[in-house]
Structure formats: C-alpha cells, structure tokens
2 protein chains.
Amino acid sequence: MKREITTGVRSATAAGRRQAPLAAVVPSFPLPFTTVDVVIFTVLDNNLSVLLVQRPDNRDEPFPKAWALPGGYVDIGRDEDLAACARRKLFEKTAVVSPYLEQLGSWGSANRDPRGWSATHVYFALIPSQGLALAKGANAADVGWSQVDQVLKRHRLAFDHEAILRAAVERLRSKVEYTSLPAYLVEEPFTLPQLQRTYEVVLGRSIDKSGFRTRMLAADFLDEAGYVEGESNRPAMGYRVRDRAVPVVFPRTFSPRHQE
Amino acid sequence: MKREITTGVRSATAAGRRQAPLAAVVPSFPLPFTTVDVVIFTVLDNNLSVLLVQRPDNRDEPFPKAWALPGGYVDIGRDEDLAACARRKLFEKTAVVSPYLEQLGSWGSANRDPRGWSATHVYFALIPSQGLALAKGANAADVGWSQVDQVLKRHRLAFDHEAILRAAVERLRSKVEYTSLPAYLVEEPFTLPQLQRTYEVVLGRSIDKSGFRTRMLAADFLDEAGYVEGESNRPAMGYRVRDRAVPVVFPRTFSPRHQE
DNA sequence: GTAATAGTGTCTCTAAGACACTATGCT
DNA sequence: AGCATAGTGTCTTAGAGACACTATTAC
C-alpha cells in the first residue's frame with residue numbers, strides 16, 4: 001500500500017492530435033487526490049464475499065487497522081488509464097488477470113479522506129472462487145475474504161467504503177436480475193444447478209428451477225461441455241459461456257410480480 | 001472557463017471521525033488533474049439536444065475553438081463534493097437549479113488532455129426546454145444547444161468528449177426503455193401525447209399509443225392536473241409527476257421483441 | 001359535416017411463476 | 001428399493017404489440 005514517490009514530469013504523449021502538442025502543465029492550484037478502489041466479489045461457501053485489506057497500524061495513516069477496499073493512488077507513471085489502474089490493483093491482491101470488470105462510479109468530497117480533498121474511481125470485479133489463491137505478496141495476513149452481509153452488519157470500513165460497498169452490492173443485485181453476470185462467479189464448466197445456486201446466493205432468495213433453465217437455455221449463450229460428475233448422484237450437463245467478453249441481457253427481470 | 005488560482009491549503013474539516021484528525025497532507029508525488037463534465041440534455045424542436053461550449057481561441061489552451069461539454073476543474077475550495085461541482089457547472093451555464101442529475105462514470109488516462117494525466121467525473125442532466133434561458137454570463141455566444149445526432153455525425157468535440165457523449169446517449173436511451181426519465185425533459189403539466197413524443201424523440205422510433213398509455217397510467221406515478229388546451233383540437237389531460245425525486249422503473253423494456 | 005388529435009377495447013404473444021411430473025445415478 | 005438431484009411439461013398470469021375503434025374539439 002505504501003506509495004513510492006515518483007519524480008517524473010507529467011507525460012503528454014500522444015495528446016493534442018489536431019494541434020501543436022502542448023507542454024505538460026504544472027498546476028497553479030491545489031489538486032484533489034485521485035485514487036482507484038476495487039470491489040472484488042466472489043461466492044465462497046454459498047456466501048457472496050468481498051475482498052478486504054487491513055490498513056496499516058500506523059498513527060500517521062488514516063483509519064489504522066481498519067478494513068478497507070483494496071485500492072490506492074493512481075500512479076501517473078505506471079497507469080495508462082483508470083481501468084488499467086484497477087486491473088493492476090486487482091492483480092496485486094488476487095493474481096487474477098482478466099475478470100469481469102465494470103466501472104461502478106466515483107466518490108469525491110472534501111472530507112472522505114482526512115488527508116484532503118480526494119476522489120476515488122471505483123470498479124467492481126467478479127471472479128470465480130475455485131483455484132483462487134490470494135497473491136502471496138508482502139502481507140497475506142492483511143488480505144482476506146469477508147461475507148458481504150457480515151461486513152455490512154458488523155464492521156466499520158475505512159473512509160466511505162461502506163457506502164461504496166453498499167452501492168456495489170445494490171448494482172450487482174439489480175443487474176443479476178436481468179443479466180448473466182453470475183456466470184462470471186463460477187468456474188467453467190459449470191452446471192445449470194450450480195449457476196442457479198450462484199444466482200440464489202447473490203439475490204438472497206430462491207428461484208424456480210424450471211423458469212431458470214428455460215431462461216438460460218433460451219438466451220443461447222451457453223455451449224455444452226460434456227457431463228460433469230461428482231457434484232451429485234446424477235451427473236449434470238456442464239456448460240461454458242460462448243462469449244465471456246459480454247454478459248447477456250435478458251428481456252425481463254426475475255420475479256416481476258414482487259417488485260414495483 | 002478561466003480558472004482562478006486558489007492558494008488555500010487543503011481542508012481536512014470534519015474528517016477522521018473516529019481518530020485524532022490528521023493534518024492535511026502535501027503530496028510528494030504528482031497528481032492527476034481532476035475535472036467534472038456535465039452532459040446536459042433537453043428536447044428542442046423534437047430533437048434530442050445537448051449543451052456545448054466553445055473553447056477559447058487561445059493557442060495556449062488545448063483544442064482552441066473546438067466545442068466541448070461544459071465542465072472544468074474541481075475547485076477544492078468551493079466544491080464540497082463531486083455532485084455539488086456538477087450542479088455548480090450546470091447552474092453557471094443554464095441557471096437551472098434542481099434538474100435530474102445522475103452520475104454517468106469517469107474517464108481518466110494519461111493522454112486524454114494534452115496538459116497531463118487527467119480524470120473527469122461525468123454527470124448527465126435532463127432539463128425541460130421551455131422557459132429555459134441560457135445564463136447570460138460572460139460569453140453567451142460560446143454556449144449553445146446542438147442536436148445530438150448532428151454532433152455525433154459532424155463535429156469533432158474536444159478531448160474525449162465525443163466518446164463521453166456517446167456513452168451518455170447510450171445510457172439515456174437504454175434507461176428510457178424502462179424508466180420514466182423523459183418526464184424530466186418536459187415542462188409540467190404535460191399531456192400523455194407530449195410525454196409520448198418525448199419518448200419517441202429520445203428513442204428515435206415510434207411507440208404504440210395504447211400500450212404507452214397503459215404503462216404510464218398503470219405505474220401510478222402521475223397526478224392529474226386539469227385539462228390542457230391549445231396543443232391540438234381536442235384538449236388533453238395534463239399530468240404532473242407525483243415524486244420528482246425518484247424516476248419510475250417499469251418491469252419491462254419497450255419492444256422486447258426486437259432487442260436481443 | 002371533415003380533419004385532427006385524445007383516448008379505449010380487443011386480440012395475440014412472450015416469457016415468467018407455480019408446481020407436478022419424469023429421469024438418472026448413488027447407496 | 002429408496003433417496004437425492006437433474007431435468008421436463010403444463011397451466012396460469014402480467015404486460016407488451018398491433019390495430020381497430022370511439023370521443024371531443026376546431027374549422
């Protein structure tokens with residue numbers, strides 16, 4: 001988490017395409033801090049879980065020992081853009097390379113960080129839990145998965161990270177109602193019952209089996225990948241998503257009867 | 001657009017609630033620039049339109065004379081948070097106080113601004129066109145409404161504002177399929193035919209009258225406000241939205257048959 | 001009366017919800 | 001055989017789409 005001091009001048013490469021390039025500008029007014037935070041979700045033991053890191057036990061740092069979302073300052077020397085910065089922070093914690101990554105929004109205000117006016121750009125990532133080994137970086141003890149429900153009930157997260165986590169969960173749940181996002185939370189090949197359990201874990205309620213299967217198969221985004229044994233007595237068909245780049249959008253939400 | 005030089009120290013007020021307040025920090029590494037841009041939509045003469053400002057004709061400024069979205073640097077002395085900054089910029093251009101304002105996302109990279117690494121937080125606003133007088137500030141000639149379709153076809157906007165505008169239009173169109181957002185684009189009281197025309201203008205296609213009326217009235221978010229005459233031969237019932245704070249979400253999109 | 005727009009009624013279709021049913025493999 | 005889980009079929013319902021119909025005003 002410690003940020004190295006970079007001494008380079010602002011780079012203005014490849015800019016100003018239709019005019020003479022302008023020199024990088026040294027600002028004459030104070031700038032906000034710019035950070036990127038990542039809300040990394042997975043499903044662990046049938047619980048929606050989020051990756052948290054513990055802040056250093058150092059009185060000079062804000063929120064010492066408190067748990068926080070992984071993130072940190074944008075490094076204008078290393079990060080080409082915001083998404084690259086988010087991918088870097090994700091990889092540093094999980095060694096996962098190409099997950100589902102979506103921009104959630106930004107939070108910026110005078111007092112969210114005691115060190116001064118700061119704005120954070122927040123991304124959320126979905127990764128399957130199997131085969132996941134947290135990066136054994138400097139401080140593995142400071143990183144861990146927590147159940148989202150527990151975190152929102154008990155812990156007090158650093159900064160405004162509780163509000164950010166709530167927004168991320170809300171966005172995830174609402175999109176899960178009409179997209180195939182949970183397919184990014186299970187290892188391939190997965191069976192339809194496994195996928196359905198993932199939906200149910202994220203949504204926190206059960207879904208009718210018949211309707212679920214009809215919807216998934218009618219959307220025509222899954223390829224059969226042979227029977228998978230061992231999950232239960234009867235083997236089930238395994239599936240892979242045809243195009244992992246784009247999640248599928250269904251024409252309706254689940255359970256429109258209960259929602260306004 | 002000229003930014004005054006502010007000399008104040010970073011404020012750390014009301015921060016560090018559960019610990020001794022930390023002093024504001026002077027950064028030891030270069031920071032990106034932080035800006036806020038606003039995509040302001042209205043419907044003008046049955047065309048979805050966006051407010052653009054012309055950049056100064058000054059060789060020292062990037063993209064001189066090019067059209068751009070209204071926006072600028074966050075002023076950490078004046079702007080309490082990002083949304084307040086967006087509201088300020090909206091008011092400076094349109095004198096509109098409390099429109100529909102939603103965060104669209106953020107764009108940040110090393111080369112989107114030739115002056116250096118910058119990140120912009122983008123909001124989009126919906127305002128009714130009637131009774132709208134552009135703020136007669138310093139430079140009224142530099143501000144104006146443009147049809148979105150024309151802008152995306154002909155103009156070359158400054159910075160990455162064309163990509164931002166495309167994202168804003170995409171977000172608006174997709175939300176209009178299943179929300180009451182167009183109600184923010186017409187002056188109250190409005191008739192259902194007026195509202196339907198607004199939907200059709202934003203979506204760029206016609207909608208069946210019967211289904212439209214059924215959906216709007218079944219959602220139970222409109223209050224009758226007496227008959228409105230003069231719009232056509234036959235007077236039509238005028239409506240006001242019951243709660244302007246929250247748009248209505250419909251259970252399905254329009255025309256699910258044609259979309260994937 | 002006609003023209004123009006406001007507003008309604010009817011029929012069909014899609015896809016979800018509920019739930020009973022069959023199928024397959026383990027012990 | 002009995003159990004657990006995989007997978008199917010059938011009936012109902014909500015709400016959209018298409019489109020024909022009636023209603024009210026100006027001229």
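Numbered from 1 within each chain, the chains take letters A, B, ... in sequence-line order.
Atom CD in E229(B) sits about 11 Å away from atom C1' in dT24(D), given to the nearest Å. Whole-Å rounding puts the R215(A) CZ to dG17(C) C1' distance at 12 Å. To the nearest angstrom, C1' of dA15(C) lies 15 Å from CZ of F212(A). The nearest whole Å value for the distance from the CZ atom in R205(A) to the C1' atom in dA16(C) is 12 Å. The distance between atom CD of E224(A) and atom P of dA6(D), rounded to the nearest whole Å, is 16 Å. For R252(B) and dA16(C), the CZ to P distance is 9 Å, given to the nearest whole Å. Separating the CZ atom of F250(A) from the P atom of dA16(C) is a distance of 8 Å, rounded to the nearest angstrom. At whole-Å resolution of the value, OH in Y199(B) and C1' in dA16(D) are 14 Å apart.
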Next item on the list: Produce a footprint string for nucleotides 1-10 of chain C: one letter per nucleotide, 5' end first; B if the base is under 4.0 Å from any protein heavy atom, S if only the sugar-phosphate is, - if neither.
Entry: --BBBBBBB-
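Taking the salt bridge (charged side-chain N to carboxylate O under 4.0 Å, His left out) definition, one finds that D223(A) meets it with R242(A), sequence neighbours left out. Contacts of Y178(B) classified as side-chain contact (heavy atoms from CB on, under 4.5 Å), with partners at least two apart in sequence or in another chain: K175(B), V249(B), T253(B). Listed by chain and residue number, nothing satisfies the side-chain contact (heavy atoms from CB on, under 4.5 Å) test with A163(A) (two or more places apart in sequence, or in another chain). For D37(A), there are no salt bridge (charged side-chain N to carboxylate O under 4.0 Å, His left out) partners two or more places apart in sequence or in a different chain. Residues passing the ring pair (Phe, Tyr, Trp, His ring centres under 6.0 Å) test with F212(A), sequence neighbours excluded: Y199(A).
E224(B) contributes no side-chain N or O that, together with a main-chain N or O of M237(B), makes up a donor-acceptor pair within less than 3.5 Å.
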